[in-house]
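Because the structure is a prediction, the values reported are computed rather than measured.
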Amino acid sequence: MADPVTAPPAPAANDADVEALHQLVLKSLDDDQAVEMVTIPLAGKSSIADHMVIASGRSSRQVASMATKLAEKIKQQFGRIVRIEGLPVADWVLIDADDVIVHLFRPEVRTFYNLERMWAFGDDAPAKTATPGA
């Protein structure tokens with residue numbers, strides 16, 4: 001008999017699914033005019049996810065809008081319900097889509113926490129993603 005407290009593990013995603021999810025995240029954020037997008041590859045370095053994406057919005061309203069739209073797109077295209085933290089205030093919103101973790105910040109909050117530096121592994125610098133108009 002299954003333990004009712006323990007949820008069954010999510011099915012393992014294949015590499016193509018992970019990359020498709022990662023690309024969806026990047027495209028959605030780009031479409032919503034996120035600034036200073038950075039991708040940090042975590043595969044083989046951490047078990048929490050394969051990719052971490054960090055981006056900024058110009059205001060709390062933009063951060064909240066980007067997070068909400070991204071969660072809806074992931075649900076529509078992958079059938080996944082993502083976990084979102086920090087949405088009411090939207091200074092820092094965390095979107096956990098299992099294989100891809102997204103951090104959306106207002107610029108001054110992002111500077112304060114400096115996650116890119118915290119998650120840098122050795123000489124591996126986070127890969128900056130081009131932002132239109134930058």
Taking side chain as C-beta onward, heavy atoms only, is [X] less than 4.5 Å from [Y]?
{"X": "Leu104", "Y": "Ile54", "value": "no"}
{"X": "Trp92", "Y": "Val63", "value": "no"}
{"X": "Gln77", "Y": "Leu24", "value": "yes"}
{"X": "Val38", "Y": "Ile40", "value": "yes"}
{"X": "Met37", "Y": "Asp30", "value": "yes"}

| said: Closer than 4.0 angstrom, basic N to acidic O: yes or no for Lys69 and Asp31? | reply: no

| Salt bridge or not for Asp91 and Arg110, using N-O below 4.0 Å? | no

Nearest 0.5 Å, what's the [atom1]-[atom2] distance between [X] and [Y]?
{"X": "Asp50", "Y": "Asp15", "atom1": "CG", "atom2": "CG", "value": "7.5 Å"}
{"X": "Ser28", "Y": "Gln23", "atom1": "OG", "atom2": "CD", "value": "12.5 Å"}
{"X": "Met52", "Y": "Glu116", "atom1": "CE", "atom2": "CD", "value": "10.0 Å"}
{"X": "Arg83", "Y": "Leu94", "atom1": "CZ", "atom2": "CG", "value": "9.0 Å"}
{"X": "Thr111", "Y": "Phe105", "atom1": "OG1", "atom2": "CZ", "value": "9.5 Å"}

| Which word best sums up how the rings of His51 and His22 line up, parallel for under 30°, tilted for 30 to 60°, or perpendicular for over 60°? | parallel

Smallest separation among heavy atoms of [X] and [Y], with atom names:
{"X": "Ala67", "Y": "Leu87", "result": "CB-CD1, 4.1 Å"}
{"X": "Val25", "Y": "Leu70", "result": "CA-CD1, 3.8 Å"}
{"X": "Ala34", "Y": "Met66", "result": "CB-SD, 3.6 Å"}
{"X": "Ile74", "Y": "Ala97", "result": "CD1-CB, 4.0 Å"}

Using only atom types and a distance under 3.5 Å, with no angle test, would you say the side chain of [X] pairs donor to acceptor with the backbone of [Y]?
{"X": "Gln62", "Y": "Asp32", "answer": "yes"}
{"X": "Ser46", "Y": "Leu42", "answer": "no"}
{"X": "Thr68", "Y": "Ala64", "answer": "yes"}

| More than 12 heavy atoms from other groups under 6.0 Å of CD on Glu72 | yes

| task | Flag yes if Ile81 and Ile95 sit in one hydrophobic cluster, no otherwise; membership is Ile, Leu, Val, Met, Phe, Trp, Tyr, and two members link when side-chain heavy atoms are under 4.5 Å apart. | result | no

| field | salt bridge (Lys or Arg N to Asp or Glu O under 4.0 Å) assessment of Arg80 paired with Asp99 | value | CA-CA 11 Å; Arg80 294 184 186 186; Asp99 302 307; 3.0 Å; yes

